[in-house]
Amino acid sequence: MVNKLRKNWLFISLLLVIAVYMCVYIYQTSFISNGTRYFVLFDDAMISMRFAKNFAEGYGLVWNPGETPLEGYTNLLWVVFMAIFHLFPIPAPKISLFIQLSGALFLLANLVFVKKIAEEITDSLIAPYLAVILTALYVPLNNWSLQGMEVCVLVLLISAVGYLTIHSIKNEKFSKWIYILLFLGTFVRMDMIVPYLVYWGFLIIFDSKNRMKHIIWGAGFLAFSLVSQSLFRHYYYGDLLPNTYYLKMTGMPLILRLQRGLSVMFDFIRELSWVLFILPFSVLLFRYDKSTLLLALVFLAQLAYSVYVGGDAWEHKGGANRYISVAIPLFFILFVYGLEQIKNSLLAAVKEYKTIIGFLGNVGVVLIVALSMLNFNFLNEHSNNIKRVFLLYRPNFIEGPKLSVEVAHAVNKVTTPDAKIAIDVAGTIPYFSERQFIDVFGKCDSYIAHLPIHIPSKLSDYQPGHMKGDSKYSIGELKPDLILGFGRASDDSNDAEKLVDEFYIKVIVDEVDFLARNDSLEILWDQVDQEP
């Protein structure tokens with residue numbers, strides 16, 4: 001053990017530096033509200049946190065306590081993981097910190113496997129470290145993982161299985177852990193089936209010695225995952241598919257979804273630069289290798305899946321979305337490997353001064369990787385994203401949480417516990433406001449989720465999961481006491497405006513604007529600062 005630590009002292013030192021980097025990142029996401037420091041996750045992650053909180057408190061896997069269960073999350077095992085922390089007496093402003101620190105640990109573990117994979121495919125001493133650094137400093141991956149999304153677990157599982165697959169094929173040994181980890185991944189998020197199929201198919205084709213074992217184990221674990229999750233959904237939710245599937249994948253023309261997905265893919269590649277994107281895959285043309293082929297296939301499968309689902313809702317931030325980020329370390333490994341192969345090909349043509357030229361070649365690879373790292377993080381051609389790499393500018397997605405916490409405090413101040421609130425930001429505010437909420441976007445509303453989408457006038461306005469709504473239903477039928485957001489109307493009428501003009505008035509509480517139902521008995525009118 002001591003000898004192993006001595007041997008890996010440089011890598012361990014690098015991990016410690018990265019761990020400090022992640023802690024500073026996490027601290028930068030926090031803020032002071034009402035004299036208390038808050039740690040708050042990305043709003044979608046806070047939706048999962050509300051399910052986790054209710055589950056831990058005995059209400060079941062529900063968004064609102066007492067309501068009929070509805071699967072408004074996409075990450076069952078991650079929700080259960082979050083629920084564990086809610087069993088301890090951790091103050092609400094601090095509990096998200098533990099999820100963020102967990103994300104940091106998962107990312108650090110991922111870096112171990114990034115290094116292991118790189119060492120399996122190259123003899124270079126510097127290539128594994130360069131791949132680790134590229135992964136550790138990639139802003140989108142850190143944004144998703146350190147702000148509470150299950151991306152941190154999925155990226156670890158994909159990298160770990162990648163290493164186990166390469167190692168088992170090289171040594172012609174069967175590893176049951178490949179299927180155990182992939183199986184767990186499908187419970188973290190169901191679309192982990194995509195890399196599951198890639199790894200499984202690859203092993204069936206290229207590991208002929210253990211082919212029958214792969215067929216049996218792969219099919220068995222996949223069938224058990226699909227059957228058990230379907231039975232659970234049917235028993236607990238009365239449906240075979242999650243509500244989020246209907247919200248994102250139905251009521252929308254397939255051609256529109258694919259057009260948007262392709263647009264997202266081309267924007268992603270353009271940001272990376274076409275030359276840098278093609279470089280890792282061009283290596284396969286003149287140096288065929290099973291290991292590099294596997295890494296390329298897994299990454300390209302995730303890219304194709306992103307196209308199929310129409311991309312994510314946060315593409316305007318730039319960089320890899322949640323579907324691509326889980327496989328981005330494999331791309332970085334291939335990228336560094338490609339540079340190494342180009343360097344080695346050039347050195348092979350040199351007959352004199354090989355030591356000096358080899359040293360200069362390594363320096364050149366390091367410089368190219370450093371410049372490429374800056375380019376990979378130059379998201380939407382905005383210089384602040386480069387500053388974010390070096391923690392000189394606060395991370396993405398943190399502008400809203402402080403306002404959301406202040407809104408939550410104002411909601412609690414102006415309403416009774418029985419109040420109903422319509423909202424289009426369904427995570428942070430509901431988590432810190434123990435009230436009944438109406439999700440106008442439909443993630444936690446079956447009726448909205450099954451509607452056709454509100455087709456945008458231009459493709460860039462399309463946001464998956466945020467394109468459905470019906471104000472006559474959410475406001476007219478459900479009659480919320482407060483309105484914090486409208487969502488999107490399902491037609492071109494002025495239903496929302498008519499309903500608001502007739503039944504609601506604008507009020508201000510602690511400098512926060514609300515629309516309050518004028519006849520509501522759940523509004524504490526004496527707490528209203530201003531009432532026009």
Side-chain angles (χ1 to χ4, degrees), residues 22-23 26-27 29-31 33-34 36-109 144-154 156-157 180-181 183-190 192 228-229 232-233 235-237 242-244 401 404-405 408-409 411-412 417 426-437 439 443-444:
M22 290 179 179
C23 288
I26 290 170
Y27 182 80
T29 66
S30 68
F31 54 87
S33 180
N34 292 335
T36 301
R37 181 165 294 278
Y38 279 78
F39 291 85
V40 179
L41 309 178
F42 177 60
D43 199 75
D44 272 19
M46 293 304 294
I47 296 176
S48 298
M49 284 282 277
R50 183 165 163 97
F51 276 93
K53 178 183 178 182
N54 288 331
F55 183 53
E57 293 179 354
Y59 296 109
L61 287 167
V62 294
W63 190 54
N64 286 316
E67 71 180 4
T68 302
L70 182 73
E71 191 174 1
Y73 55 83
T74 55
N75 45 9
L76 175 60
L77 206 55
W78 188 239
V79 170
V80 173
F81 177 76
M82 288 175 158
I84 294 172
F85 294 94
H86 287 81
L87 297 175
F88 297 94
I90 304 172
K94 301 297 189 294
I95 197 166
S96 290
L97 171 61
F98 290 85
I99 306 301
Q100 292 180 281
L101 291 174
S102 300
L105 292 175
F106 289 130
L107 284 185
L108 289 171
W144 302 124
S145 300
L146 298 179
Q147 294 192 51
M149 300 304 294
E150 66 280 0
V151 166
C152 58
V153 177
L154 298 180
L156 168 59
L157 291 174
I180 293 172
L181 294 178
F183 171 76
L184 290 175
T186 62
F187 279 84
V188 176
R189 191 176 173 96
M190 198 65 188
M192 186 70 174
S228 60
Q229 290 195 60
F232 169 73
R233 285 194 180 96
Y235 169 77
Y236 197 82
Y237 294 112
N243 192 61
T244 49
S404 293
V405 167
H409 291 324
V411 167
N412 290 339
T428 303
I429 296 173
Y431 182 82
F432 289 102
S433 300
E434 296 185 357
R435 303 290 187 269
Q436 295 291 305
F437 283 85
D439 184 2
K443 190 169 188 178
C444 300

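Quick note: residue numbers are just sequence positions, from 1.
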Run the side chain to side chain contact (heavy atoms under 4.5 Å, CB included) check on Phe432 and Met46 step by step: do they pass?
CA-CA 10 Å; Phe432 289 102; Met46 293 304 294; 4.0 Å; yes
Derivation of the side chain to side chain contact (heavy atoms under 4.5 Å, CB included) call for Glu150 and Leu77
CA-CA 9 Å; Glu150 66 280 0; Leu77 206 55; over 6 Å; no
Could you walk me through whether Ser228 and Phe187 pass the side chain to side chain contact (heavy atoms under 4.5 Å, CB included) check?
CA-CA 10 Å; Ser228 60; Phe187 279 84; 3.3 Å; yes
Sole residue of Val79, Asp43, Ile95 in side chain to side chain contact (heavy atoms under 4.5 Å, CB included) with Met49:
Ile95
Is any side-chain heavy atom of Cys444 less than 4.5 Å from a side-chain heavy atom of Phe437?
no
Assess the residue pair Asn64 and Arg435 against the criterion (side chain to side chain donor-acceptor pair (under 3.5 Å)); give the C-alpha distance rounded to whole Å, side-chain angles, the decisive distance to 0.1 Å, and a yes or no.
CA-CA 8 Å; Asn64 286 316; Arg435 303 290 187 269; over 6 Å; no
Hey, are the side chains of Pro401 and Tyr38 touching, using non-hydrogen atoms and a 4.5 Å cut-off?
no
Minimum heavy-atom distance between Val62 and Tyr59, given as atom pair plus value:
CG2-O, 3.6 Å
Return the orientation label for the Trp78 and Phe81 ring planes: parallel under 30°, perpendicular over 60°, tilted otherwise.
parallel
With a 4.5 Å heavy-atom cut-off, do Glu434 and Pro417 have their side chains touching?
no
Just do the ring-ring contact (aromatic ring centres under 6.0 Å, His included) check on Phe98 and Phe88 with the steps written out, would you?
CA-CA 11 Å; Phe98 290 85; Phe88 297 94; 8.8 Å; no
Is there a side-chain contact between Leu70 and Trp63, using heavy atoms and a 4.5 Å cut-off?
no
Start with the C-alpha gap between Gln100 and Thr29, add the side-chain angles, then the distance that decides, and say whether side chain to side chain donor-acceptor pair (under 3.5 Å) holds.
CA-CA 10 Å; Gln100 292 180 281; Thr29 66; 3.0 Å; yes
Heavy-atom count check: over 12 atoms from other residues, nucleotides or ligands less than 6.0 Å from Phe55 CZ?
no
Decide yes or no for Leu105 and Met22: does some side-chain heavy atom of the first lie under 4.5 Å from some side-chain heavy atom of the second?
no
Results of side-chain hydrogen bond (donor to acceptor under 3.5 Å, both in side chains) for Thr74 - residues two or more places apart only
Arg189
Any heavy-atom pair between the side chains of Pro65 and Gln436 that's under 4.5 Å?
yes
Taking the side chain as everything from C-beta on, heavy atoms only, tell me whether Asn243 gets closer than 4.5 Å to Tyr237.
no
Gly103 backbone acceptor or donor facing Ser145 side chain under 3.5 Å:
no
Do Val153 and Leu184 have side-chain heavy atoms sitting under 4.5 Å apart?
no
Atom CZ of Phe232 with >12 non-hydrogen neighbours under 6.0 angstrom:
yes
Derivation and outcome, side chain to side chain contact (heavy atoms under 4.5 Å, CB included), residues Leu41 and Met82
CA-CA 12 Å; Leu41 309 178; Met82 288 175 158; 3.9 Å; yes
